[in-house]
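Before any comments, here is the structure.
Throughout, protein chains are lettered first and strands after them, A, B, ... in sequence-line order, and every chain is numbered starting at 1.
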There are 2 protein chains.
Amino acid sequence: MGEKSAVRPGGRSARVQRAVHEAVQALDEEVPRDKLTVPQVAERAGVTPSTIYRRWGNLKELLADVAAERLQPDAPVADTGSLEGDLMAWAGVYMEEMRSTPGQQMLADTLGSASTEQRQRCLQAQQDQLRLILSRAEARGETPLPTVEALLDGIMAPLTYRLSYAPQTLSRACLERWVAATLR
Amino acid sequence: MGEKSAVRPGGRSARVQRAVHEAVQALDEEVPRDKLTVPQVAERAGVTPSTIYRRWGNLKELLADVAAERLQPDAPVADTGSLEGDLMAWAGVYMEEMRSTPGQQMLADTLGSASTEQRQRCLQAQQDQLRLILSRAEARGETPLPTVEALLDGIMAPLTYRLSYAPQTLSRACLERWVAATLR
DNA sequence: CCCTTAAAGCAAATATTTTGCGTTAGAGGA
DNA sequence: TCCTCTAACGCAAAATATTTGCTTTAAGGG
């Protein structure tokens with residue numbers, strides 16, 4: 001369920017998907033989450049509710065699909081000239097985004113859905129970003145280089161944990177601590 | 001919303017809450033999650049649907065409330081004789097529980113709800129458990145002792161991160177690595 | 001250009017959620 | 001103990017949302 005982008009990529013299906021995704025994002029800024037309904041999304045997207053139910057099954061799955069897409073990185077990772085700087089910059093942006101109200105919402109939508117598919121996509125995207133940062137560091141000759149796994153466990157894991165359980169205790173200082181400890 | 005246990009603790013309210021919680025847990029083992037409905041829970045609990053809607057608002061909040069309660073530790077933490085042993089034992093049990101299908105469900109229910117209230121409860125419970133383990137270690141004279149925060153960031157965070165994003169990559173070896181690294 | 005079919009539309013049938021109002025059970029005081 | 005007060009529940013009607021069978025549309029392949 002979810003992405004049918006492999007099938008008939010340029011056709012009606014794709015148009016409907018885009019319209020529905022955009023409708024969700026637009027409505028998300030107008031109505032509180034527990035007031036968001038499928039018929040509402042359908043009307044805004046210009047499709048019938050049954051189209052959404054047939055394709056996504058229920059609101060939860062739709063929201064997870066939209067959130068997973070929005071969590072895909074759009075901006076390229078800044079190149080600050082050092083591994084530590086790149087990690088701080090990237091993780092810092094991610095932290096700010098996810099601490100915001102819409103960010104917390106996206107996190108909840110992703111983690112609240114039944115299928116692990118969307119979460120896999122997010123993890124994959126994070127790994128890709130980290131790999132890019134590491135390959136730059138390697139090109140610069142920085143050493144020793146941590147593994148992607150070490151970065152996930154040392155930086156992304158505590159960051160994500162706090163985003164879910166105690167977002168107010170997060171700060172840039174936390175990040176600096178985790179980055180420094182992981183690069184040691 | 002959620003716990004009204006402070007108000008009229010032994011009365012009708014408390015009975016209804018218990019009946020509803022038990023109904024959710026029972027039905028959770030019989031029907032797939034996306035087929036679970038409020039009227040179904042209401043019938044099993046012997047209350048009317050409107051009672052549930054008035055008290056919990058919607059199914060998502062109810063599920064989050066039930067999950068948060070189930071996530072409260074029931075068994076006391078085993079005393080293995082060493083800090084490392086206690087941590088491994090406790091985290092190991094938690095890992096196994098949360099990797100199971102019902103455990104993954106509980107995690108999703110908790111993280112998927114809007115209010116941070118339930119998540120705070122879970123974090124609080126984890127902190128309490130860790131504090132108990134640390135106080136035992138202190139009584140034994142083990143030193144140096146890590147802080148609760150260090151244990152959360154070093155062990156619980158990577159564990160929780162993987163439980164959500166890549167549960168199949170988890171193993172006892174991961175735990176051993178995190179525990180060892182954190183105690184160093 | 002025509003054929004095939006996956007996906008969308010439509011509308012009727014179900015199921016759910018919401019709401020107004022009457023009822024009940026428990027808490028607190030005389 | 002009995003009386004009063006009120007939060008929470010039950011009931012049932014109304015409003016919404018979801019499901020489903022059937023029809024129509026439009027994109028892909030020959």
Side-chain angles (χ1 to χ4, degrees), chain A residues 1-24 26-28 30-66 69 109 112-115 117, chain B residues 1-24 27-28 30-66 69 109 112-115:
Chain A
M1 225 135 283
E3 298 289 278
K4 295 294 187 300
S5 48
V7 185
R8 301 190 175 181
R12 183 167 57 162
S13 251
R15 275 202 309 279
V16 167
Q17 165 159 334
R18 199 169 46 251
V20 169
H21 276 219
E22 282 169 5
V24 168
L27 285 169
D28 200 21
E30 299 173 20
V31 304
R33 170 53 49 91
D34 62 332
K35 298 297 172 200
L36 192 66
T37 65
V38 170
Q40 213 177 358
V41 172
E43 184 179 352
R44 175 73 67 107
V47 302
T48 58
S50 64
T51 293
I52 295 182
Y53 288 119
R54 284 228 161 84
R55 196 151 159 186
W56 281 277
N58 55 48
L59 184 60
K60 205 154 83 172
E61 292 300 312
L62 171 58
L63 292 175
D65 188 34
V66 173
E69 182 178 276
D109 291 342
S113 92
S115 79
E117 194 185 326
Chain B
M1 221 134 288
E3 299 290 279
K4 293 296 188 301
S5 47
V7 186
R8 302 189 174 181
R12 183 166 58 162
S13 251
R15 275 204 308 281
V16 167
Q17 165 159 334
R18 199 170 45 252
V20 169
H21 276 221
E22 281 169 6
V24 168
L27 284 169
D28 199 22
E30 298 173 21
V31 304
R33 172 51 50 91
D34 62 331
K35 297 299 171 197
L36 193 64
T37 66
V38 171
Q40 212 177 357
V41 173
E43 184 179 352
R44 175 73 66 107
V47 303
T48 60
S50 63
T51 294
I52 295 182
Y53 287 118
R54 284 225 162 85
R55 194 150 163 189
W56 282 276
N58 55 48
L59 183 60
K60 207 154 81 173
E61 292 301 313
L62 170 58
L63 292 176
D65 187 34
V66 172
E69 183 178 276
D109 291 342
S113 93
S115 80

Using 0.5 Å steps for rounding, measure from the [atom1] atom of [X] to the [atom2] atom of [Y].
X	Y	atom1	atom2	value
S113(A)	E61(A)	OG	CD	5.0 Å
L59(B)	K60(A)	CG	NZ	7.5 Å
S13(A)	Q17(A)	OG	CD	8.0 Å
H21(B)	D65(B)	NE2	CG	4.0 Å

Checking side chain to side chain contact (heavy atoms under 4.5 Å, CB included) between V41(B) and each of L36(B), L63(B), D28(B), which is the one that passes?
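The passing option is L36(B).
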Non-hydrogen side-chain atoms of R15(A) and R12(A) separated by less than 4.5 Å
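The answer is yes; the side chains approach within 4.5 Å.
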Could you tell me if the side chain of V38(B) sits less than 4.5 Å from the side chain of W56(B), heavy atoms only?
no
Set out, line by line, the N/O atom pairs under 3.5 Å between protein and nucleotides 9-13 of chain D.
{"residue": "dC9(D)", "atom": "OP1", "partner": "R55(B)", "partner atom": "NH1", "Å": "2.8"}
{"residue": "dG10(D)", "atom": "OP2", "partner": "T48(B)", "partner atom": "N", "Å": "3.2"}
{"residue": "dG10(D)", "atom": "OP2", "partner": "T48(B)", "partner atom": "OG1", "Å": "3.3"}
{"residue": "dG10(D)", "atom": "OP2", "partner": "T51(B)", "partner atom": "OG1", "Å": "2.4"}
{"residue": "dG10(D)", "atom": "O6", "partner": "R54(B)", "partner atom": "NH1", "Å": "3.4"}
{"residue": "dC11(D)", "atom": "N4", "partner": "S50(B)", "partner atom": "OG", "Å": "3.1"}

With R44(A), which residues qualify under side-chain hydrogen bond (donor to acceptor under 3.5 Å, both in side chains), at least two apart?
E30(A)
Which residues satisfy the side-chain hydrogen bond (donor to acceptor under 3.5 Å, both in side chains) test with S50(B), sequence neighbours excluded?
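So S50(B) forms a side-chain hydrogen bond (donor to acceptor under 3.5 Å, both in side chains) with T48(B).
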Nearest whole Å is fine: how far is [N] [atom2] from [X] [atom1]?
X	N	atom1	atom2	answer
K35(B)	dA15(C)	NZ	P	12 Å
W56(A)	dA8(C)	CH2	P	8 Å
K60(A)	dA17(D)	NZ	P	19 Å
I52(B)	dT16(C)	CD1	C1'	13 Å

Could you tell me which residues satisfy side chain to side chain contact (heavy atoms under 4.5 Å, CB included) with A42(A), sequence neighbours excluded, listed by chain and number?
V47(A), P49(A), I52(A)
Looking at Y53(B), does any N or O in its side chain come under 4.0 Å of the phosphate oxygens OP1/OP2 on dT17(C)?
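Yes, because at least one side-chain N or O of Y53(B) sits under 4.0 Å from OP1 or OP2 of dT17(C).
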Do the side-chain N or O atoms of R15(A) get closer than 4.0 angstrom to the phosphate oxygens (OP1, OP2) of dA27(D)?
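For R15(A), the contact criterion (side-chain N or O under 4.0 Å from OP1 or OP2 of dA27(D)) is met.
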Where do Q40(A) and K35(A) come nearest, in terms of heavy atoms and distance?
OE1-O, 3.1 Å
Five pairs at each end of the helix from dC1(C)-dG30(D) to dA30(C)-dT1(D): take the axis at both ends and give me the angle between them to 10°.
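Roughly 40° between the end axes, to the nearest 10°.
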Give me the residues of residues 37-45 of chain B where at least one heavy atom lies under 4.0 Å from an atom of DNA chain C, by number, or none.
T37(B), V38(B), P39(B)
